[in-house]
Structure formats: C-alpha cells, structure tokens
Amino acid sequence: MNERTVSDAYGADDPGLPSPPAVTDIRHTLRAQSRNAYANAEPRLVPTVPAAVRRWKLWLLTVCAIYPTIVLLGLATNPVLEDLYLPVRLAVLVPAAAAAMVWQINPRLQRHFGAWLTR
C-alpha cells in the first residue's frame, strides 16, 4: 500500500481527521500485542520426548516374562493338545503367548519397570 492511498483514506489533508498511522507504529503495536498475548496465555503442556529404552533391558524383561507365559499356557493346554504334533501345538501356543505379551504383560511390565528400562 503506498503512502498516497493511506493518506487519501485517512484524509491527511483534512485537519479534522486523524493522521495516518506510521507503518512502524503498527508493527510495534502488533508485536506488543503478540508478546502480551503469549505472556498472558495459559501454559501449554509441551510433549516430551520419551527417554530411549535400553534394548538389552527390554530383551531381559521380555525373556523373563515370556518363559513363564509359555510354560503356563503349555501346562493349561496340554490335556487338550497333547495328541497333536509339536508344530501344531506351537501354532496354537505362540499366537496366544504373543497376544498375552502384547496386550497384557508388556504394558504392565513397562509401567512397573519403566524407570529402570531407561536408566
């Protein structure tokens, strides 16, 4: 916007009308409003980056959790699956153990041992 258009719009030649604001004044006012709005705003929760999990600790925790899971599932299903071949028994046990680990056991273990996993 050029100065002539601004002065024409504000009627700079007319003594009864206010003079046009300077561009620097507008910028200063906008910056001050922006700073005040930011300073008076409620603090937002900034997402934090989770600490890196030590892979060997996660492996150890998984091994300690999956062994009893497989043993218990094997003992529980043995009367029903004992006549089947080992690959067929494992085809039943492995998905059941994986589901238990993913949706039940691992979330609880990571909640309980989360601080240890990231140290």
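This one's a predicted model, so the numbers in the text were calculated from it and none came from an experiment.
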Let me confirm one number: the [atom1]-[atom2] distance from [X] to [Y], rounded to the nearest 0.5 Å.
X: Q110; Y: L58; atom1: CD; atom2: CG; value: 6.0 Å
X: H112; Y: L117; atom1: NE2; atom2: CG; value: 11.0 Å
X: I66; Y: W59; atom1: CD1; atom2: CH2; value: 12.0 Å
X: T77; Y: L93; atom1: OG1; atom2: CG; value: 4.5 Å
X: R108; Y: N106; atom1: CZ; atom2: CG; value: 11.5 Å

Are the side chain of K57 and the backbone N or O of W116 linked by a donor-acceptor pair below 3.5 Å? yes
Under 3.5 Å donor-acceptor, R54 side chain and R119 backbone: yes
Is L75 reachable from Y67 through a run of I, L, V, M, F, W or Y residues, each pair having side-chain heavy atoms under 4.5 Å apart? yes
Say whether I70 and V92 are linked into one hydrophobic cluster, either directly or through other cluster members, by side-chain heavy-atom distances under 4.5 angstrom. no
Which heavy atom of L90 sits nearest to which heavy atom of P95, and what is that distance? O-CD, 4.0 Å
Ignoring hydrogens, what is the shortest heavy-atom contact between L109 and A65? Give both atom names and the distance. CD1-CB, 3.4 Å
Fellow cluster residues of V102, listed by chain then number, with links counted only when side-chain atoms sit under 4.5 Å apart: W103
Is T62 close to M101 at the side-chain level, that is, under 4.5 Å between some pair of heavy atoms? yes
Passing candidate, side-chain contact (heavy atoms from CB on, under 4.5 Å) with L81, options N78, D83, L84: L84
